[in-house]
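Notes follow once the structure below has been shown.
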Amino acid sequence: MEFFRKIFNHPTSPKAEVVFAWGKELDGLDDVSAIEHATQQLNADAKKDIFKDMQYLDALLAIDEKTHIIVERISAHYVNIDNMSIELEERIANAVFLYHRQLYLIYNTLIDNLASFQPKSLLVMLARAMNNATQMIKWRFYNYQSAPANVWLQLSKLYLVAEKLTILDSYVRAYPDQEISTLSSAYIQACMLGSLESLSFQRKQIDLVSNMLAYWTPKILIQNNYDESKHLFYVDTASDAPAKRIRNFKPSDSYRYWCFDSVNLKVELCLSLIEYNISPKQQEMKDFIANKYAVETLEILKTEWSRVEYKRQRRAVDRVKTSKYASTNYGFENTCYHIKQHENIRIQRTGKAYQGNKSFDERLATHSLNKDQTGPNVIYLDLGAGQSKIIDESPQGIGMYSNKPASEVSLGMLMGISFSDQKDTTKIGVIRSIKPVIGNELHLGIELLSTTALCVEATNVSIIASKNKNSAEKSAVSSPIVTR
(Lines give C-alpha, C1' and ligand atoms only; values in the text may rest on other atoms or scores of the structure.)
Protein backbone atom coordinates (compact mmCIF):
# COMPACT_ATOMS: atom_id res chain seq x y z
CA MET A 1 0.00 0.00 0.00
CA GLU A 2 3.06 2.26 -0.13
CA PHE A 3 2.61 2.60 -3.92
CA PHE A 4 1.58 6.26 -3.98
CA ARG A 5 3.78 7.41 -1.11
CA LYS A 6 6.96 5.90 -2.55
CA ILE A 7 6.46 6.93 -6.16
CA PHE A 8 4.62 10.23 -5.95
CA ASN A 9 5.33 11.44 -2.41
CA HIS A 10 1.61 12.14 -1.97
CA PRO A 11 0.21 11.34 1.48
CA THR A 12 -2.87 9.20 0.91
CA SER A 13 -5.33 7.51 3.22
CA PRO A 14 -5.32 3.67 3.37
CA LYS A 15 -8.87 3.67 2.03
CA ALA A 16 -7.84 5.71 -1.01
CA GLU A 17 -4.86 3.45 -1.64
CA VAL A 18 -7.18 0.46 -1.86
CA VAL A 19 -9.56 2.22 -4.25
CA PHE A 20 -6.71 3.33 -6.56
CA ALA A 21 -4.72 0.11 -6.36
CA TRP A 22 -5.46 -0.40 -10.07
CA GLY A 23 -2.71 2.15 -10.73
CA LYS A 24 -0.18 -0.64 -10.28
CA GLU A 25 -1.67 -2.46 -13.28
CA LEU A 26 -0.73 0.32 -15.70
CA ASP A 27 2.96 -0.61 -15.69
CA GLY A 28 2.23 -3.97 -17.32
CA LEU A 29 0.28 -2.49 -20.25
CA ASP A 30 1.25 -0.74 -23.46
CA ASP A 31 0.63 3.03 -23.45
CA VAL A 32 -2.70 3.04 -25.31
CA SER A 33 -4.09 0.13 -23.30
CA ALA A 34 -2.93 1.81 -20.09
CA ILE A 35 -4.87 4.97 -20.90
CA GLU A 36 -7.95 2.99 -21.90
CA HIS A 37 -7.76 1.05 -18.63
CA ALA A 38 -7.24 4.21 -16.58
CA THR A 39 -10.26 5.85 -18.23
CA GLN A 40 -12.47 2.85 -17.46
CA GLN A 41 -11.37 2.74 -13.83
CA LEU A 42 -11.77 6.50 -13.32
CA ASN A 43 -15.23 6.33 -14.86
CA ALA A 44 -16.21 3.47 -12.52
CA ASP A 45 -14.89 5.38 -9.50
CA ALA A 46 -16.73 8.53 -10.59
CA LYS A 47 -20.01 6.63 -10.73
CA LYS A 48 -19.52 5.72 -7.06
CA ASP A 49 -19.30 9.44 -6.22
CA ILE A 50 -16.08 8.86 -4.31
CA PHE A 51 -14.58 12.11 -5.58
CA LYS A 52 -16.86 14.10 -3.32
CA ASP A 53 -14.65 12.91 -0.45
CA MET A 54 -11.45 14.85 0.25
CA GLN A 55 -9.58 11.69 1.31
CA TYR A 56 -9.45 10.57 -2.33
CA LEU A 57 -8.13 13.85 -3.72
CA ASP A 58 -4.42 13.30 -3.12
CA ALA A 59 -4.63 9.81 -4.59
CA LEU A 60 -6.36 11.21 -7.68
CA LEU A 61 -3.66 13.88 -8.12
CA ALA A 62 -1.02 11.15 -7.89
CA ILE A 63 -2.59 8.82 -10.42
CA ASP A 64 -3.22 11.77 -12.74
CA GLU A 65 0.49 12.65 -12.71
CA LYS A 66 1.39 9.07 -13.61
CA THR A 67 -1.08 8.83 -16.51
CA HIS A 68 -0.20 12.36 -17.67
CA ILE A 69 3.31 11.17 -18.55
CA ILE A 70 1.88 8.30 -20.60
CA VAL A 71 -0.58 10.56 -22.42
CA GLU A 72 2.12 13.09 -23.28
CA ARG A 73 4.21 10.29 -24.75
CA ILE A 74 1.30 9.02 -26.85
CA SER A 75 0.45 12.54 -28.01
CA ALA A 76 4.01 13.21 -29.17
CA HIS A 77 3.98 10.03 -31.26
CA TYR A 78 0.55 10.81 -32.69
CA VAL A 79 1.55 14.30 -33.80
CA ASN A 80 5.02 13.51 -35.15
CA ILE A 81 4.59 10.11 -36.83
CA ASP A 82 3.20 10.54 -40.35
CA ASN A 83 2.73 6.94 -41.50
CA MET A 84 0.37 5.42 -38.96
CA SER A 85 -2.39 2.95 -39.71
CA ILE A 86 -5.92 4.37 -39.75
CA GLU A 87 -7.04 1.85 -37.13
CA LEU A 88 -4.26 2.87 -34.72
CA GLU A 89 -4.89 6.58 -35.35
CA GLU A 90 -8.57 6.20 -34.56
CA ARG A 91 -7.87 4.12 -31.46
CA ILE A 92 -5.36 6.62 -30.08
CA ALA A 93 -7.55 9.65 -30.84
CA ASN A 94 -10.57 8.05 -29.20
CA ALA A 95 -8.63 6.77 -26.16
CA VAL A 96 -6.85 10.04 -25.39
CA PHE A 97 -9.93 12.22 -25.95
CA LEU A 98 -12.06 10.07 -23.63
CA TYR A 99 -9.27 10.08 -21.04
CA HIS A 100 -9.12 13.90 -21.00
CA ARG A 101 -12.90 14.09 -20.94
CA GLN A 102 -13.13 11.75 -17.95
CA LEU A 103 -10.49 13.67 -15.99
CA TYR A 104 -12.18 16.96 -16.82
CA LEU A 105 -15.53 15.66 -15.53
CA ILE A 106 -13.91 14.46 -12.30
CA TYR A 107 -12.10 17.74 -11.64
CA ASN A 108 -15.23 19.67 -12.49
CA THR A 109 -17.19 17.63 -9.91
CA LEU A 110 -14.51 18.23 -7.29
CA ILE A 111 -14.49 21.97 -7.98
CA ASP A 112 -18.29 22.17 -7.73
CA ASN A 113 -18.21 20.46 -4.34
CA LEU A 114 -15.06 21.94 -2.84
CA ALA A 115 -14.67 25.45 -4.28
CA SER A 116 -16.61 27.06 -1.42
CA PHE A 117 -14.19 25.48 1.08
CA GLN A 118 -11.14 26.75 -0.88
CA PRO A 119 -8.82 23.79 -0.21
CA LYS A 120 -5.11 24.26 -0.89
CA SER A 121 -5.33 22.05 -3.96
CA LEU A 122 -8.13 24.11 -5.58
CA LEU A 123 -5.69 26.10 -7.75
CA VAL A 124 -4.15 22.89 -9.09
CA MET A 125 -7.59 21.36 -9.71
CA LEU A 126 -8.70 24.41 -11.70
CA ALA A 127 -5.47 24.37 -13.71
CA ARG A 128 -5.82 20.67 -14.50
CA ALA A 129 -9.49 21.01 -15.37
CA MET A 130 -8.65 23.80 -17.85
CA ASN A 131 -5.72 21.78 -19.20
CA ASN A 132 -7.88 18.72 -19.86
CA ALA A 133 -10.59 20.82 -21.50
CA THR A 134 -7.96 22.40 -23.78
CA GLN A 135 -6.59 18.96 -24.64
CA MET A 136 -10.10 17.84 -25.62
CA ILE A 137 -10.28 20.80 -28.00
CA LYS A 138 -6.85 20.03 -29.47
CA TRP A 139 -7.67 16.39 -30.11
CA ARG A 140 -10.84 17.37 -31.91
CA PHE A 141 -8.89 19.86 -34.03
CA TYR A 142 -6.27 17.22 -34.86
CA ASN A 143 -8.98 15.40 -36.82
CA TYR A 144 -10.70 18.49 -38.27
CA GLN A 145 -13.60 18.15 -35.85
CA SER A 146 -15.41 20.91 -33.98
CA ALA A 147 -14.71 21.59 -30.32
CA PRO A 148 -16.89 19.51 -27.94
CA ALA A 149 -20.36 20.89 -27.30
CA ASN A 150 -20.52 23.47 -24.50
CA VAL A 151 -16.77 23.27 -23.85
CA TRP A 152 -16.40 27.06 -24.08
CA LEU A 153 -19.19 27.59 -21.56
CA GLN A 154 -17.56 25.05 -19.27
CA LEU A 155 -14.18 26.76 -19.55
CA SER A 156 -15.82 30.10 -18.83
CA LYS A 157 -17.47 28.60 -15.77
CA LEU A 158 -14.05 27.57 -14.43
CA TYR A 159 -12.70 31.01 -15.25
CA LEU A 160 -15.53 32.71 -13.36
CA VAL A 161 -14.92 30.53 -10.31
CA ALA A 162 -11.28 31.62 -10.28
CA GLU A 163 -12.28 35.23 -10.88
CA LYS A 164 -14.67 35.17 -7.94
CA LEU A 165 -11.94 33.76 -5.68
CA THR A 166 -9.39 36.28 -7.07
CA ILE A 167 -6.88 33.56 -7.96
CA LEU A 168 -6.75 34.14 -11.72
CA ASP A 169 -3.23 35.53 -11.66
CA SER A 170 -1.82 33.26 -8.98
CA TYR A 171 1.08 31.20 -10.25
CA VAL A 172 0.51 27.46 -10.52
CA ARG A 173 2.17 24.42 -12.09
CA ALA A 174 -0.56 22.10 -13.35
CA TYR A 175 1.82 19.14 -13.88
CA PRO A 176 5.46 18.62 -12.90
CA ASP A 177 6.65 18.71 -16.55
CA GLN A 178 4.87 22.01 -17.33
CA GLU A 179 6.03 25.58 -16.79
CA ILE A 180 4.57 27.72 -14.03
CA SER A 181 1.66 29.72 -15.38
CA THR A 182 -1.67 31.29 -14.37
CA LEU A 183 -5.33 30.44 -14.84
CA SER A 184 -5.71 33.61 -16.93
CA SER A 185 -3.03 32.28 -19.28
CA ALA A 186 -4.68 28.84 -19.45
CA TYR A 187 -8.02 30.45 -20.37
CA ILE A 188 -6.43 32.66 -23.03
CA GLN A 189 -4.54 29.69 -24.52
CA ALA A 190 -7.74 27.69 -24.98
CA CYS A 191 -9.79 30.61 -26.34
CA MET A 192 -7.12 31.79 -28.80
CA LEU A 193 -6.51 28.26 -30.03
CA GLY A 194 -10.25 27.99 -30.61
CA SER A 195 -10.23 31.18 -32.68
CA LEU A 196 -8.11 29.34 -35.30
CA GLU A 197 -10.53 26.45 -35.81
CA SER A 198 -11.59 27.53 -39.31
CA LEU A 199 -7.99 27.53 -40.61
CA SER A 200 -7.78 23.72 -40.86
CA PHE A 201 -4.27 23.51 -39.39
CA GLN A 202 -2.39 20.23 -39.56
CA ARG A 203 -1.58 18.42 -36.31
CA LYS A 204 1.98 19.70 -36.09
CA GLN A 205 0.78 23.26 -36.64
CA ILE A 206 -1.85 22.92 -33.90
CA ASP A 207 0.78 21.58 -31.55
CA LEU A 208 3.20 24.38 -32.47
CA VAL A 209 0.60 27.11 -31.88
CA SER A 210 -0.44 25.52 -28.58
CA ASN A 211 3.18 25.49 -27.38
CA MET A 212 3.70 29.10 -28.45
CA LEU A 213 0.60 30.23 -26.57
CA ALA A 214 1.70 28.34 -23.45
CA TYR A 215 5.11 30.02 -23.56
CA TRP A 216 4.00 33.55 -24.53
CA THR A 217 0.83 34.18 -22.50
CA PRO A 218 1.61 33.67 -18.76
CA LYS A 219 1.98 37.41 -18.13
CA ILE A 220 -1.11 38.53 -20.07
CA LEU A 221 -3.94 39.84 -17.90
CA ILE A 222 -7.67 39.49 -18.56
CA GLN A 223 -9.72 42.62 -17.98
CA ASN A 224 -13.42 43.35 -17.54
CA ASN A 225 -13.42 46.85 -19.05
CA TYR A 226 -12.89 47.44 -22.74
CA ASP A 227 -10.02 49.68 -23.84
CA GLU A 228 -10.08 50.33 -27.58
CA SER A 229 -6.37 51.23 -27.68
CA LYS A 230 -5.26 47.95 -26.08
CA HIS A 231 -7.81 45.20 -26.61
CA LEU A 232 -8.03 43.27 -29.85
CA PHE A 233 -9.77 40.06 -28.75
CA TYR A 234 -12.58 39.20 -26.38
CA VAL A 235 -14.58 36.22 -25.19
CA ASP A 236 -18.22 36.12 -24.13
CA THR A 237 -18.36 34.05 -20.94
CA ALA A 238 -22.09 33.58 -21.45
CA SER A 239 -21.86 31.95 -24.89
CA ASP A 240 -20.44 28.70 -26.20
CA ALA A 241 -17.78 30.31 -28.41
CA PRO A 242 -14.00 30.87 -28.32
CA ALA A 243 -12.20 34.20 -28.57
CA LYS A 244 -13.31 36.59 -31.27
CA ARG A 245 -11.70 39.57 -32.91
CA ILE A 246 -13.29 42.86 -31.81
CA ARG A 247 -15.29 44.33 -34.70
CA ASN A 248 -18.28 46.69 -34.45
CA PHE A 249 -19.58 45.42 -31.13
CA LYS A 250 -21.06 46.81 -27.96
CA PRO A 251 -19.33 45.92 -24.66
CA SER A 252 -21.21 43.65 -22.28
CA ASP A 253 -20.78 42.63 -18.65
CA SER A 254 -20.18 39.04 -19.75
CA TYR A 255 -17.28 40.00 -22.06
CA ARG A 256 -13.63 39.65 -21.05
CA TYR A 257 -10.73 41.29 -22.92
CA TRP A 258 -6.97 41.02 -23.23
CA CYS A 259 -4.10 42.77 -24.99
CA PHE A 260 -2.32 40.49 -27.44
CA ASP A 261 0.40 42.86 -28.62
CA SER A 262 3.18 41.03 -26.77
CA VAL A 263 2.35 37.80 -28.60
CA ASN A 264 2.26 39.61 -31.96
CA LEU A 265 5.74 40.98 -31.24
CA LYS A 266 6.97 37.44 -30.57
CA VAL A 267 5.51 36.28 -33.88
CA GLU A 268 7.32 39.11 -35.71
CA LEU A 269 10.53 38.29 -33.86
CA CYS A 270 10.40 34.62 -34.87
CA LEU A 271 9.87 35.53 -38.52
CA SER A 272 12.84 37.92 -38.39
CA LEU A 273 15.07 35.29 -36.77
CA ILE A 274 14.18 32.85 -39.55
CA GLU A 275 14.64 35.44 -42.30
CA TYR A 276 18.11 36.51 -41.14
CA ASN A 277 19.14 33.03 -39.96
CA ILE A 278 19.77 34.14 -36.37
CA SER A 279 19.85 31.56 -33.60
CA PRO A 280 18.10 32.80 -30.42
CA LYS A 281 19.45 32.09 -26.94
CA GLN A 282 16.18 30.74 -25.52
CA GLN A 283 15.75 27.03 -26.21
CA GLU A 284 11.99 27.40 -26.65
CA MET A 285 12.44 30.01 -29.39
CA LYS A 286 15.01 27.74 -31.09
CA ASP A 287 12.50 24.91 -31.09
CA PHE A 288 9.75 27.14 -32.48
CA ILE A 289 11.71 28.47 -35.46
CA ALA A 290 13.25 25.05 -36.19
CA ASN A 291 9.79 23.55 -36.69
CA LYS A 292 9.10 22.37 -40.23
CA TYR A 293 5.89 24.42 -40.34
CA ALA A 294 7.25 27.50 -38.55
CA VAL A 295 7.25 29.99 -41.44
CA GLU A 296 3.88 28.92 -42.82
CA THR A 297 2.24 28.95 -39.39
CA LEU A 298 3.80 32.20 -38.20
CA GLU A 299 2.75 33.99 -41.39
CA ILE A 300 -0.84 32.90 -40.79
CA LEU A 301 -0.72 33.98 -37.13
CA LYS A 302 0.72 37.33 -38.18
CA THR A 303 -2.29 37.85 -40.43
CA GLU A 304 -4.92 36.48 -38.04
CA TRP A 305 -3.71 38.13 -34.82
CA SER A 306 -2.11 41.36 -36.00
CA ARG A 307 -3.70 44.79 -35.59
CA VAL A 308 -2.63 45.95 -39.05
CA GLU A 309 -2.13 42.82 -41.18
CA TYR A 310 -5.59 41.32 -40.66
CA LYS A 311 -8.00 41.37 -43.58
CA ARG A 312 -11.22 39.40 -43.79
CA GLN A 313 -11.11 37.12 -46.76
CA ARG A 314 -13.88 37.55 -49.29
CA ARG A 315 -14.45 35.48 -52.41
CA ALA A 316 -13.93 37.35 -55.67
CA VAL A 317 -16.79 35.35 -57.21
CA ASP A 318 -19.80 34.16 -55.23
CA ARG A 319 -20.47 30.45 -55.22
CA VAL A 320 -23.85 29.22 -56.42
CA LYS A 321 -25.75 26.83 -54.17
CA THR A 322 -26.38 23.42 -55.70
CA SER A 323 -27.04 19.81 -54.74
CA LYS A 324 -25.59 17.03 -56.84
CA TYR A 325 -23.21 14.12 -56.52
CA ALA A 326 -19.81 13.62 -58.06
CA SER A 327 -17.21 10.89 -58.27
CA THR A 328 -14.10 12.01 -56.39
CA ASN A 329 -10.49 10.80 -56.28
CA TYR A 330 -8.01 11.85 -53.62
CA GLY A 331 -4.27 12.20 -54.05
CA PHE A 332 -1.95 12.49 -57.05
CA GLU A 333 -1.69 8.79 -57.86
CA ASN A 334 -5.42 8.04 -57.57
CA THR A 335 -6.29 11.09 -59.65
CA CYS A 336 -3.81 10.14 -62.40
CA TYR A 337 -5.11 6.58 -62.41
CA HIS A 338 -8.69 7.84 -62.70
CA ILE A 339 -7.82 10.04 -65.69
CA LYS A 340 -5.92 7.18 -67.34
CA GLN A 341 -8.94 4.88 -66.96
CA HIS A 342 -11.21 7.42 -68.60
CA GLU A 343 -8.73 7.77 -71.45
CA ASN A 344 -8.70 3.97 -71.91
CA ILE A 345 -12.51 3.93 -72.10
CA ARG A 346 -12.49 6.75 -74.65
CA ILE A 347 -9.92 4.97 -76.79
CA GLN A 348 -12.03 1.79 -76.76
CA ARG A 349 -15.05 3.75 -77.93
CA THR A 350 -13.32 5.74 -80.68
CA GLY A 351 -10.11 3.84 -81.34
CA LYS A 352 -8.16 7.10 -81.10
CA ALA A 353 -5.81 8.32 -78.42
CA TYR A 354 -4.82 11.88 -77.67
CA GLN A 355 -2.44 13.04 -80.42
CA GLY A 356 -1.32 16.38 -79.02
CA ASN A 357 -0.15 18.98 -81.58
CA LYS A 358 0.19 16.64 -84.57
CA SER A 359 -0.67 18.14 -87.95
CA PHE A 360 -3.84 17.20 -89.82
CA ASP A 361 -1.88 15.02 -92.27
CA GLU A 362 -0.13 13.18 -89.41
CA ARG A 363 -3.43 12.50 -87.64
CA LEU A 364 -5.05 11.42 -90.94
CA ALA A 365 -2.24 8.91 -91.56
CA THR A 366 -2.95 7.18 -88.25
CA HIS A 367 -6.73 7.14 -88.72
CA SER A 368 -8.37 3.85 -89.72
CA LEU A 369 -11.50 1.81 -89.13
CA ASN A 370 -10.79 -1.23 -87.01
CA LYS A 371 -13.57 -3.62 -88.05
CA ASP A 372 -11.73 -6.81 -87.06
CA GLN A 373 -10.78 -5.81 -83.55
CA THR A 374 -9.86 -8.97 -81.64
CA GLY A 375 -8.77 -7.37 -78.38
CA PRO A 376 -10.73 -8.04 -75.22
CA ASN A 377 -13.74 -5.90 -74.46
CA VAL A 378 -12.57 -4.51 -71.12
CA ILE A 379 -14.77 -2.50 -68.77
CA TYR A 380 -12.62 -0.31 -66.53
CA LEU A 381 -13.88 0.19 -63.00
CA ASP A 382 -12.30 2.87 -60.84
CA LEU A 383 -12.51 1.21 -57.44
CA GLY A 384 -10.65 4.06 -55.77
CA ALA A 385 -13.33 6.63 -56.53
CA GLY A 386 -15.85 7.79 -53.95
CA GLN A 387 -19.09 9.75 -54.01
CA SER A 388 -19.25 13.27 -52.62
CA LYS A 389 -22.11 15.75 -52.46
CA ILE A 390 -21.45 19.09 -54.16
CA ILE A 391 -23.19 21.89 -52.26
CA ASP A 392 -21.88 24.99 -54.04
CA GLU A 393 -19.64 25.87 -56.96
CA SER A 394 -18.14 28.72 -58.95
CA PRO A 395 -15.68 28.99 -61.87
CA GLN A 396 -12.85 29.06 -59.31
CA GLY A 397 -13.93 26.48 -56.74
CA ILE A 398 -16.23 23.81 -55.37
CA GLY A 399 -17.64 23.14 -51.92
CA MET A 400 -18.50 19.53 -51.09
CA TYR A 401 -19.38 17.13 -48.29
CA SER A 402 -17.16 14.06 -48.03
CA ASN A 403 -17.35 11.01 -45.77
CA LYS A 404 -13.60 10.46 -46.01
CA PRO A 405 -11.86 10.01 -42.63
CA ALA A 406 -9.99 13.14 -41.58
CA SER A 407 -6.73 11.18 -41.53
CA GLU A 408 -7.04 10.51 -45.28
CA VAL A 409 -7.33 14.13 -46.44
CA SER A 410 -5.01 17.09 -46.03
CA LEU A 411 -4.61 20.67 -47.16
CA GLY A 412 -2.94 20.89 -50.57
CA MET A 413 -4.06 17.39 -51.61
CA LEU A 414 -4.82 16.99 -55.32
CA MET A 415 -8.35 15.88 -56.23
CA GLY A 416 -10.14 14.67 -59.34
CA ILE A 417 -13.87 15.41 -59.64
CA SER A 418 -16.21 13.90 -62.26
CA PHE A 419 -19.95 14.50 -62.67
CA SER A 420 -22.41 11.88 -63.92
CA ASP A 421 -23.56 14.11 -66.78
CA GLN A 422 -19.94 14.76 -67.81
CA LYS A 423 -18.43 11.30 -67.42
CA ASP A 424 -15.57 11.91 -69.84
CA THR A 425 -14.47 15.15 -68.19
CA THR A 426 -12.48 15.36 -64.97
CA LYS A 427 -11.93 18.56 -63.03
CA ILE A 428 -8.69 18.91 -61.11
CA GLY A 429 -8.47 20.86 -57.86
CA VAL A 430 -6.59 21.27 -54.60
CA ILE A 431 -8.07 21.08 -51.08
CA ARG A 432 -7.84 24.53 -49.48
CA SER A 433 -10.07 24.10 -46.41
CA ILE A 434 -11.34 21.25 -44.25
CA LYS A 435 -14.19 21.73 -41.78
CA PRO A 436 -16.26 19.19 -39.82
CA VAL A 437 -20.03 19.08 -40.33
CA ILE A 438 -22.88 17.17 -38.73
CA GLY A 439 -23.00 13.46 -39.54
CA ASN A 440 -19.26 12.76 -39.25
CA GLU A 441 -18.65 14.32 -42.65
CA LEU A 442 -16.11 16.89 -43.77
CA HIS A 443 -16.79 20.06 -45.70
CA LEU A 444 -14.01 20.44 -48.26
CA GLY A 445 -13.25 23.70 -50.02
CA ILE A 446 -11.65 22.94 -53.41
CA GLU A 447 -9.73 25.43 -55.52
CA LEU A 448 -10.05 24.39 -59.16
CA LEU A 449 -6.85 24.17 -61.18
CA SER A 450 -8.49 22.92 -64.35
CA THR A 451 -11.92 22.05 -65.67
CA THR A 452 -10.50 19.50 -68.13
CA ALA A 453 -7.77 16.91 -67.63
CA LEU A 454 -6.23 14.75 -70.36
CA CYS A 455 -3.85 11.83 -70.15
CA VAL A 456 -0.73 11.87 -72.35
CA GLU A 457 2.43 9.80 -72.61
CA ALA A 458 5.47 11.77 -71.45
CA THR A 459 8.99 10.57 -72.26
CA ASN A 460 12.25 11.77 -70.74
CA VAL A 461 14.08 13.22 -73.76
CA SER A 462 17.47 13.16 -72.02
CA ILE A 463 17.24 9.38 -71.82
CA ILE A 464 16.54 9.20 -75.57
CA ALA A 465 19.74 11.08 -76.24
CA SER A 466 21.88 8.83 -74.05
CA LYS A 467 20.31 5.40 -74.43
CA ASN A 468 18.77 3.28 -77.13
CA LYS A 469 15.12 3.29 -78.10
CA ASN A 470 14.12 0.46 -75.76
CA SER A 471 15.53 2.23 -72.73
CA ALA A 472 13.66 5.36 -73.71
CA GLU A 473 10.38 3.50 -74.02
CA LYS A 474 10.75 2.07 -70.51
CA SER A 475 11.00 5.59 -69.09
CA ALA A 476 7.56 6.58 -70.38
CA VAL A 477 5.03 7.50 -67.71
CA SER A 478 1.38 8.50 -67.78
CA SER A 479 0.49 11.82 -66.22
CA PRO A 480 -2.51 14.11 -66.48
CA ILE A 481 -2.31 17.25 -68.54
CA VAL A 482 -4.60 19.95 -67.22
CA THR A 483 -6.09 22.69 -69.31
CA ARG A 484 -8.58 25.40 -68.55
Inset, instruction - Inspect the surroundings of CG in D177 and state if more than 12 heavy atoms from other residues, nucleotides or ligands are less than 6.0 Å away. - result: yes
Legend entry - Residues Y159, L183; criterion side-chain contact (heavy atoms from CB on, under 4.5 Å); working and verdict: CA-CA 7 Å; Y159 166 84; L183 297 180; over 6 Å; no
Legend entry - Presence of salt bridge, R256 and E163, under 4.0 angstrom: yes
When the side chains of residues 231-239 are checked against the rest of the protein, which donor-acceptor pairs come out under 3.5 Å, sequence neighbours left out?
residue, atom, partner, partner atom, Å
H231, ND1, D227, N, 2.9
H231, NE2, Q223, OE1, 2.7
D236, OD1, A238, N, 3.0
D236, OD1, S254, OG, 2.7
T237, OG1, S254, O, 2.8
S239, OG, D236, O, 3.3

Inset, instruction - Given side chain to side chain donor-acceptor pair (under 3.5 Å), test Q189 with S185 step by step and report yes or no. - result: CA-CA 6 Å; Q189 289 174 45; S185 174; 3.0 Å; yes
Legend entry - Check: F201 ring centroid to Y293 ring centroid under 6.0 Å: no
Inset, instruction - Check each of N94, T67, T39, N132 against Y99 using the side chain to side chain donor-acceptor pair (under 3.5 Å) test, and report the only one that passes. - result: T67
Legend entry - Heavy-atom side-chain contact between I446 and V430 under 4.5 Å: no
Inset, instruction - Indicate whether any N or O donor in one side chain lies under 3.5 Å from an N or O acceptor in the other, for S33 and R91. - result: yes
Inset, instruction - Assess the side chains of S272 and E268: does a donor N or O sit below 3.5 Å from an acceptor N or O? - result: no
Legend entry - With D261 via salt bridge (charged side-chain N to carboxylate O under 4.0 Å, His left out) - residues at least two apart: R307
Legend entry - Parallel, tilted or perpendicular: rings of Y215 and F288 (30°, 60°): perpendicular
Legend entry - CA sep, side-chain torsions, deciding dist, call: R140, E197, salt bridge (charged side-chain N to carboxylate O under 4.0 Å, His left out): CA-CA 10 Å; R140 283 292 184 89; E197 179 178 353; over 6 Å; no
Inset, instruction - Identify, with sequence neighbours excluded, every residue that meets salt bridge (charged side-chain N to carboxylate O under 4.0 Å, His left out) alongside K286. - result: none
Legend entry - Euclidean distance, F419 CZ relative to K427 NZ, rounded to 0.5 Å: 4.5 Å
Legend entry - K266/E284 salt bridge by N-O under 4.0 Å criterion: no
Inset, instruction - Starting at CE of M400, measure out to OH of Y325 and round the result to the nearest 0.5 Å. - result: 12.5 Å
Inset, instruction - Answer yes or no: is there a side-chain heavy-atom contact under 4.5 Å between L196 and L301? - result: yes
Inset, instruction - Give the minimum heavy-atom separation between I431 and L444, together with the two atoms involved. - result: CD1-CD1, 4.3 Å
Legend entry - Y187-S156 side chain donor-acceptor pair, cut-off 3.5 Å: yes
Inset, instruction - Looking only at non-hydrogen atoms, find the nearest pair between I220 and S184 and report the distance. - result: O-CB, 4.1 Å
Legend entry - Backbone of Y330 reached by a side-chain donor or acceptor of N334 within 3.5 Å: yes
